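Here is the structure we will look at, set down as structure tokens.
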Amino acid sequence: MTGSQILPPYLSSLNPEQLRAVLHEGSPLLILAGAGTGKTRVITTKIAYLVREKGVSPESILAVTFTNKAAKEMRERAMAIEPQCSRATIRTFHSFGAWFLRRNASAIALDSNFVIYDDDDSTQLIRTVLPQASKQECERYATLISRAKDYNLEPDSPSLDRLGGESDLRRVYALYEERLRTTGNVDFGDLIRLPARLLETDEAVAQRTHQRFRVILVDEYQDSNVAQFFLLQKLAAPGSYVCVVGDDDQSIYRFRGAEVKNILSFSNSFPGTTIIRLERNYRSSQSILDIAGNVVSHNKNRLGKTLHATKPGGAKPQLALLDDQDQEVEFCSHIIRGHLKSGGNLSDIAILYRTNAQSLAFEKEFPRRKIGYRLVGALRFYEREEVKDLLAYLAFLLNPRDEIAFRRIVNKPTRGIGESSVDSLLDLALQKGCSIMDSCLENRDAMKGKAKAGLKEFLDIIQAASSLLELPSSDIAAAEETRRGTGAAPKGHDKGTQSLSILLENIIEKSGLAEFHKNKDEIAGTQKLNNMEELVNAASIYPLVKEGLAEFLETIDLDRSLQTSAEDISPDAVTLITMHNTKGLEFPVVIITGLEQGLFPRDDESGEELEEQRRLFYVALTRAKDRIYLTACRWRRIHGRLFETLPSRFLTEIDAGLYEFWGAGGREGYRTGNRTGYAGAVSSEWKTGMAVYHDEYGQGVIIKTSMTESSGPLVIVQFETGKVAQFFPKYTRKLERIKE
DNA sequence: TCACAGTGACTTTTT
DNA sequence: GTCACTGTGA
């Protein structure tokens with residue numbers, strides 16, 4: 001360690017590469033930080049170091065991440081070293097975009113009270129511009145438009161065709177944009193695209209922004225998309241310091257527009273870039289890193305780095321070849337029981353899978369076996385009908401041009417306002433260019449019978465709610481204060497100030513949503529009323545003013561991870577989670593299930609997609625600290641049909657010796673009723689030169705066999721068609737020996 | 001406006 | 001196998 005005695009403790013505890021990354025200055029910096037190498041530590045230390053030692057003002061630092069969780073952690077850890085860091089802008093990309101747009105709203109002809117549309121809202125908006133299209137078509141358009149925005153493409157961009165979408169994508173995209181501007185709202189893509197565009201076209205805004213942010217840091221850079229890259233370029237002035245941190249091997253969001261090229265070619269885009277690799281891994285044992293590194297080494301498109309464990313050795317990963325999902329559950333239960341017996345906790349263990357549907361088998365069986373579990377990611381609180389209903393009332397209060405919110409709530413619960421009445425009110429608003437609320441007020445007398453009464457009812461609800469927000473209040477300044485902060489949820493509001501919860505309660509009662517959903521709960525045994533109450537609770541920390549409402553809605557729109565109190569009741573539980581959702585997490589014991597060809601990877605995945613799946617496997621493997629178990633089932637039920645499968649090609653790619661077969665080599669086998677796992681039997685009946693037959697591929701010859709004691713039999717067959725395939729012969733009956 | 005049955009679709013999802 | 005969309009009929 002170089003002169004560690006003169007460094008303050010927060011720096012002297014870093015390893016040499018980490019320290020170099022923290023101290024670096026004078027050129028763009030790309031930190032290639034492998035899994036578990038202390039990436040967050042480096043970036044937070046760097047922020048603190050700049051403020052503390054280099055006299056950089058915290059206000060001039062902008063650090064962006066992808067998730068709220070990461071932003072929160074980054075802020076807290078930087079503040080722990082240097083409290084002044086609370087004044088730095090540490091946000092997610094999208095929350096920075098929203099902040100930037102509200103602050104510069106007038107420069108881009110937006111009302112700063114805009115609401116952020118989610119994917120579902122976007123789909124609804126497309127439905128209104130394409131009334132003849134089916135919901136599915138509209139969803140497809142919404143996805144394509146969202147992707148177009150990820151790639152920073154406009155309706156008239158020549159390369160829009162490359163998205164491979166429908167022929168009239170341009171037309172629909174243009175219609176959608178026009179309608180979205182009419183509502184005055186923005187979608188997720190706009191939160192990145194519009195700030196970039198504004199910085200490009202408005203010299204004054206650009207100058208102001210460049211003057212303010214002198215240091216720009218981006219975390220998880222491998223997940224950035226083209227639009228985010230573009231925004232980064234526009235944010236960076238000639239004198240700015242740009243530092244990005246990421247791991248090209250962990251880029252797993254291509255399907256959402258993430259562009260690995262951003263990190264692969266960062267040094268081309270920012271000439272003079274210094275690259276620092278962090279390869280000392282503090283999380284996993286060497287055996288785990290060996291297999292992970294071996295897996296990802298099969299990718300061509302990578303910058304390349306090798307992780308070294310600070311924990312040498314460790315248990316080899318174990319592969320269990322199983323019959324079916326029942327055995328998979330049995331196997332996982334067995335591992336869990338064993339772990340508990342040796343003094344471990346349930347929360348040490350994570351069961352990973354590729355698709356959410358795979359969690360079902362575990363969910364069904366674990367309660368019976370008294371295994372507590374925690375299902376991550378599947379609960380979509382904000383997508384629930386009743387939650388969206390209530391949020392739509394709130395959105396409409398904030399933005400009376402919000403067509404999607406209006407359509408959702410005007411006749412819910414039913415008040416006799418039919419579709420034609422809704423359309424005519426909207427048409428009139430569109431013609432006059434006035435808000436939907438104004439259109440309703442102006443035309444209320446022109447409506448007939450039932451619709452007239454219904455509309456009056458609706459307007460009364462909105463106006464009553466509205467008036468709650470317009471009470472004279474001295475807290476607007478306080479709300480502004482919160483808003484100006486770092487994006488953290490407000491800590492609360494002054495005593496004596498009324499809470500936003502009052503507004504939500506009022507709407508739930510007066511609108512009839514309470515009655516409406518209470519009835520549904522009684523019939524279907526659902527928890528809709530409770531879910532709305534959950535939202536009321538969440539609103540309690542915001543003040544009862546328009547700004548408080550805006551803050552509340554933005555937090556909800558941009559941070560959907562908010563857990564309800566009903567969750568997380570069992571503190572010690574096994575984690576059931578998709579591989580995608582594990583990014584950034586770690587567990588002592590990881591079981592990766594469903595390693596079958598057709599499921600992971602899918603058979604239609606090749607090229608870039610296949611490489612991304614391999615990276616996903618890499619991410620999954622590097623979550624483990626001590627132990628990894630892998631499972632592959634011979635029979636897998638998908639969409640209700642039973643398929644016979646082959647082990648994942650990712651398994652056959654791995655060098656023999658990097659993992660062991662579970663149950664092999666005299667280890668205690670396990671039994672499920674009368675059946676035994678396939679892995680126990682090691683066969684030597686397969687030899688090089690042997691003629692074999694396969695149902696799909698026809699005749700072939702074994703060109704290679706591998707038969708190490710620990711890794712069991714593996715044969716490579718060349719078929720007459722020219723195809724070469726690898727098999728675990730005991731595992732698949734598809735391969736038969738041809739008797740001479 | 002609602003209830004029903006037939007049809008088809010079905011990865012991953014930070015924001 | 002499950003869910004949600006879609007169209008029909010009351």
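Every value quoted in this text rests on a predicted model; they were computed, and no experiment measured them. The chains referred to below are lettered A, B, ... by the order of the sequence lines, with proteins before strands, and numbering in each begins at 1.
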Quickly work out the [X] [atom1] to [N] [atom2] distance and round it to whole Å.
X: A:D559; N: B:dT13; atom1: CG; atom2: P; result: 16 Å
X: A:R637; N: C:dG1; atom1: CZ; atom2: P; result: 6 Å
X: A:F114; N: B:dT15; atom1: CZ; atom2: P; result: 17 Å
X: A:M579; N: B:dT13; atom1: CE; atom2: C1'; result: 15 Å
X: A:I116; N: B:dT14; atom1: CD1; atom2: P; result: 16 Å
X: A:E363; N: C:dT2; atom1: CD; atom2: P; result: 13 Å
X: A:E383; N: B:dT13; atom1: CD; atom2: P; result: 11 Å
X: A:I252; N: B:dT13; atom1: CD1; atom2: C1'; result: 10 Å

Pick base, sugar-phosphate or nothing for [X], based on heavy-atom distances below 4.0 Å to the nucleic acid.
X: A:N356; answer: sugar-phosphate
X: A:E609; answer: nothing
X: A:Y253; answer: base
X: A:R354; answer: base
X: A:N411; answer: sugar-phosphate
X: A:D557; answer: nothing

Kindly assign one of parallel, tilted or perpendicular to the pair A:F188 and A:H94, based on the angle between their ring planes and the thresholds 30° and 60°.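 Correct class here is perpendicular.
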Using 30° and 60° as the class limits, which term best fits the ring planes of A:Y221 and A:F266: parallel, tilted or perpendicular? perpendicular
Mark yes or no for a side-chain to base donor-acceptor pair under 3.5 Å between A:R256 and B:dT12, with no hydrogen or angle criteria applied.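 No pair found.
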Dump the pairs, protein N or O against N or O of nucleotides 3-8 of chain C, anything under 3.5 Å, distances to one decimal.
residue, atom, partner, partner atom, Å
C:dC5, OP1, A:K135, NZ, 2.8
C:dT6, OP1, A:K135, N, 3.2

Do A:H580 and A:F255 have ring centroids that are under 6.0 Å from one another? yes
Between A:Y151 and A:F230 (judged by ring centroids, cut-off 6.0 Å), do the two rings come close enough to count as a pair? no
Please examine the side chains of A:Q228 and A:F66, heavy atoms only from C-beta on, and report whether any two atoms are closer than 4.5 Å. yes
Among A:D324, A:L599, A:L642, the one residue meeting side-chain contact (heavy atoms from CB on, under 4.5 Å) with A:R636: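 Passing option: A:L599.
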On DNA chain B, nearest-nucleotide positions of A:G416 versus A:R147: which is more 5'?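 Its nearest nucleotide lies further toward 5', so the answer is A:G416.
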Would you mind telling me which residue lines up with the more 5' stretch of DNA chain B, A:L616 or A:T414, judged by nearest nucleotide? A:T414
Name the closest nucleotide to the A:T92 side chain, picking from B:dT1, B:dT15, B:dT14. B:dT15
Choose from C:dT2, B:dT12, B:dT15 the nucleotide whose nearest atom is closest to any side-chain atom of A:H580.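 The answer is B:dT12, which lies nearest to the side chain.
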Spacing of A:L32 atom CG and A:L278 atom CG [to the nearest 0.5 Å]: 8.5 Å
For [N], does either OP1 or OP2 sit under 4.0 Å from a side-chain N or O belonging to [X]?
X: A:N68; N: B:dT15; result: yes
X: A:N581; N: B:dT12; result: no
X: A:T67; N: B:dT15; result: no

Mind checking side-chain hydrogen bond (donor to acceptor under 3.5 Å, both in side chains) for A:K583 and listing every partner two or more places apart, or none if nothing turns up?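 So A:K583 forms a side-chain hydrogen bond (donor to acceptor under 3.5 Å, both in side chains) with A:D223.
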